[in-house]
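Below is one structure; the comments refer to it alone.
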There are 2 protein chains.
Amino acid sequence: MHQHHVHPGGERALEQLVARVPLFAQLSDSELAEVARRVVPHSHPRNTQLYGAGERNASLMIIHSGLVKIYRITAAGHEQVIRILGPGDFLGESTFVDRSAADHFAVTLEKSDICSLQHDDLHAYLLSFPSVAVKMLETLSRRLAVTENQLSSMAGDDADHRVAAYLLAVSASDQTDRLRLPITKKDVASLLGLTPETLSRKLAHFEDSGWISLHPARVIELHDKPALSLL
Amino acid sequence: MHQHHVHPGGERALEQLVARVPLFAQLSDSELAEVARRVVPHSHPRNTQLYGAGERNASLMIIHSGLVKIYRITAAGHEQVIRILGPGDFLGESTFVDRSAADHFAVTLEKSDICSLQHDDLHAYLLSFPSVAVKMLETLSRRLAVTENQLSSMAGDDADHRVAAYLLAVSASDQTDRLRLPITKKDVASLLGLTPETLSRKLAHFEDSGWISLHPARVIELHDKPALSLL
DNA sequence: CGTGCGATTGAGTAAGTTCAATCGGGGTGG
DNA sequence: CCACCCCGATTGAACTTACTCAATCGCACG
């Protein structure tokens, strides 16, 4: 696999990059410089598999730009989307803390600039810079809360409810009523625990009811958010 | 609410207690003593709510003995079991790392001895004893993996598959083919994203097929594990 | 510019839920 | 310590929702 360095210019740009990562937000300039020395930036084309189930990747990856899909292959053999990661997020931590093989796949959905940090180096940073460990704890805890939310939603809510809740969540994070789905509807369906057919039907139903408008390029306009939240 | 101290005897016993908690496994004797000084032990009767959604409990709780159920109330208004915690596990960390209110409930399923540690103290320990932070990371990461497993299982696998997988998991952790369900079937059903009726039918079906035997007191005997894993 | 994959729509099916009634066991109170 | 009683467990029947299979459409990536 051929990979290119990001910002071949020099260390300075790399340091700027590292400083913008939430994980290292609390570090001082000198500490940042130390981290920057060990971090290796790479640019990955769209649809690149970063690691797969069964692999024992040896690095923590930090997304600078782009989008990464985390998914599993179920016993029945089909893909189940777990989570979508974007700029500032990290992945590959599960094989670091467990020391076992990954049970999921990570693939880029767009061209993505990603920094890698060897597990050994990360371990050292966790011990010397406690704020990094605390930040990781915060992130994992939040991920856990989100995943638990997905779980109870899939167990207890019907399809309409889940679709509406997803649209409202994207709308809230984008701060707009005219949102663009970050991923394909197929992936949205998987994330919500639905088939693409069902998602398509629910969205059509919402549009018929006058609550939303469907536009090309995965753009959806929300007209009646109260109606959606009442589902 | 009235609570009693565990081991009113003295500090020494408390230190022994703390030493057995995985979270503090790596600490030296002097460090353990320091932790033990801040930890407050309590004994809770069965069916005691430790904290609820909306509350902002200010302590990390560590289970010494007993069983705790973590659950949510879904939009539809029914209880969704998220996870069961036992001796050595901790809870209440979500309100520590986020600084927001809990979105779930914690209730004892048996009489439970639980140590509390103020969030402020925990924060101090995380900074001074990095191994504690790393241990918390490991735990949260594993919980995340388990929850993701539940998620993809609920999305992709049918009821038979989930029930069989659960029986095999309990059997594996108990190291026996004659297992006792740690929780009521009602709670098992919720954990698996099923109704109690469906779980009951699946178990009856398994028994009819000769794969298991159902006994009183939630005891189940597995006769044909290969058959169960093939579902 | 072509093509392959995602999206949509339709019809039929099957799985699990819901509602209801009964049974049984373990926990609580006397 | 025992008996009562409540709640969990079980079983039955009808239903409903989302899935499956299939065919067509259209956009977007290469």
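Sequence lines set the chain letters: A, B, ... in the order given, protein chains first and strands last, and positions in each chain run from 1. Every value quoted in this text rests on a predicted model; they were computed, and no experiment measured them.
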Expressed as a whole number of angstroms, how long is the span from [X]:[atom1] to [N]:[atom2]?
{"X": "A:Leu191", "N": "C:dG6", "atom1": "CG", "atom2": "C1'", "value": "17 Å"}
{"X": "B:Asp157", "N": "C:dG16", "atom1": "CG", "atom2": "C1'", "value": "15 Å"}
{"X": "B:Met154", "N": "C:dT17", "atom1": "CE", "atom2": "C1'", "value": "14 Å"}
{"X": "A:Ile220", "N": "C:dA7", "atom1": "CD1", "atom2": "C1'", "value": "12 Å"}
{"X": "A:His215", "N": "C:dA7", "atom1": "NE2", "atom2": "P", "value": "17 Å"}
{"X": "B:His161", "N": "C:dA15", "atom1": "NE2", "atom2": "C1'", "value": "16 Å"}
{"X": "A:Leu203", "N": "C:dG6", "atom1": "CG", "atom2": "C1'", "value": "14 Å"}
{"X": "A:His205", "N": "C:dT9", "atom1": "NE2", "atom2": "P", "value": "14 Å"}

Is there a side-chain contact between [X] and [Y], using heavy atoms and a 4.5 Å cut-off?
{"X": "B:Ile220", "Y": "B:Phe206", "answer": "no"}
{"X": "A:Met61", "Y": "A:His42", "answer": "no"}
{"X": "B:Leu17", "Y": "B:Asp113", "answer": "no"}

**Prompt:** Mind checking which nucleotides bracket the chain B contacts on DNA chain D, 5' to 3', with an atom under 4.0 Å from a heavy atom?
**Reply:**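 Nucleotide range with atoms under 4.0 Å of chain B: D:dG8 to D:dA13.
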
**Message:** If you assign B:Lys202 and B:Glu197 each to the DNA chain C nucleotide with the nearest heavy atom, which residue ends up on the more 5' nucleotide?
**Reply:** B:Lys202

**Message:** Here's a test of your reading of the structure: between B:Arg46 and B:Asp158, which maps to the more 5' nucleotide of DNA chain C?
**Reply:**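 This one resolves to B:Asp158.
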
**Fill in**
Result for 5'-nearest mapping on DNA chain D, choosing between A:Gly193 and A:Arg218, is A:Gly193

**Message:** Once you apply a heavy-atom cut-off of 4.0 Å, does A:Thr184 come out as touching a base, just sugar-phosphate, or nothing?
**Reply:** sugar-phosphate

**Asked** Is B:Leu194 touching bases, backbone alone, or none of the nucleic acid, heavy atoms closer than 4.0 Å?
**Response**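 Result for B:Leu194 = sugar-phosphate.
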
**Asked** Below 4.0 angstrom from OP1 or OP2 of C:dG16, is there any side-chain N or O of B:Thr195?
**Response**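 For B:Thr195, the contact criterion (side-chain N or O under 4.0 Å from OP1 or OP2 of C:dG16) is not met.
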
**Message:** I want to check one thing: is the phosphate of C:dG6, taken as OP1 and OP2, less than 4.0 Å away from some side-chain N or O of A:Lys186?
**Reply:** yes

**Asked** Between A:Lys202 and A:Asp160, is there a salt bridge with N-O shorter than 4.0 Å?
**Response** yes

Do any N or O atoms from the side chain of [X] and from the backbone of [Y] form a donor-acceptor pair under 3.5 angstrom?
{"X": "B:Thr95", "Y": "B:Asn57", "result": "yes"}
{"X": "B:Ser213", "Y": "B:Glu221", "result": "no"}
{"X": "A:Gln80", "Y": "B:Ser152", "result": "no"}

